[in-house]
Amino acid sequence: MEYNREEEVIRNYQKGEKMMILIFAQWCINHDLDPITIYTEAYPHQEKNKELVEALDLTVPKKESDLIDSETILEVLSLYGNDDLAFVVSDYIHRKNLK
């Protein structure tokens with residue numbers, strides 16, 4: 001029983017992580033930014049992020065997207081321990097005065 005609970009927790013975390021990646025990708029699209037470029041700035045030594053590439057297929061044009069404010073994206077990134085990415089996103093927010 002314990003093993004199944006651990007598996008469920010891991011699956012839920014992974015689902016949440018995929019949602020975080022999708023939110024990041026959509027936030028970038030909504031602000032005319034390239035998610036892969038920003039991700040690479042945060043993690044220059046990492047190989048191409050397969051989950052990010054998959055998430056890009058799920059994004060919609062910014063005119064069809066719900067608003068994702070900058071505070072939300074920073075909170076979501078921090079929640080999943082993407083502090084380096086949150087730092088780069090924060091820099092873009094301040095340099096480009098994004099909402």
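- Rounding to the nearest 0.5 angstrom, the gap separating the CE atom in Met20 from the CD1 atom in Ile23 is 9.0 Å.
- Criterion: ILVMFWY side-chain heavy atoms under 4.5 Å apart, direct or through other members. Under it, Leu58 and Leu33 are part of a common hydrophobic cluster.
- Judged as a salt bridge (Lys or Arg N to Asp or Glu O under 4.0 Å), the pairs with a partner in residues 16-37 (not counting sequence neighbours) are, in order, Asp32-Lys62.
- Annotation for Cys28 and Ile38: closest pair SG-CD1, 3.8 Å, computed over non-hydrogen atoms.
- In this structure, CD on Gln26 lies 11.0 Å from CG on Leu67, to the nearest 0.5 angstrom.
- Under the ring pair (Phe, Tyr, Trp, His ring centres under 6.0 Å) criterion, no residue pair touches residues 57-77, with sequence neighbours excluded.
- Residue Glu71 qualifies as open at atom CD: its count of foreign heavy atoms under 6.0 Å is 12 or below.
- When all heavy atoms are compared, the tightest approach of Lys48 to Val53 is CE-CG2, 3.8 Å.
- Taken from CG in Leu56 to CZ in Phe24, the straight-line distance is 9.0 Å, to the nearest 0.5 Å.
- Annotation for Asn12: atom CG counts as buried by contact number, over 12 foreign heavy atoms lying within 6.0 Å.
- Note on Val60: it does not cluster hydrophobically with Leu22, by side-chain heavy-atom contacts below 4.5 Å among ILVMFWY residues.
- A salt bridge links Arg5 with Glu8: the closest approach of a Lys/Arg side-chain nitrogen to an acidic carboxylate oxygen falls below 4.0 angstrom.
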Please output the side-chain donor-acceptor pairs of residues 73-86 that fall under 3.5 Å, not counting sequence neighbours, one pair per line with the distance.
unit_1: Ser78; atom_1: OG; unit_2: Leu74; atom_2: O; d: 3.1
unit_1: Asn82; atom_1: OD1; unit_2: Tyr43; atom_2: OH; d: 3.1

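- Within the 4.5 Å cutoff, side-chain heavy atoms of Ile93 are placed close to those of Trp27.
- Contact check for Asp91 versus Glu41: no side-chain heavy atoms found under the 4.5 Å cut-off.
- Hydrophobic clustering (side-chain heavy atoms under 4.5 Å, transitive across Ile, Leu, Val, Met, Phe, Trp, Tyr) keeps Phe87 apart from Leu52.
- By the 4.5 Å heavy-atom criterion applied to side chains, Ile29 and Ser65 are not counted as neighbours.
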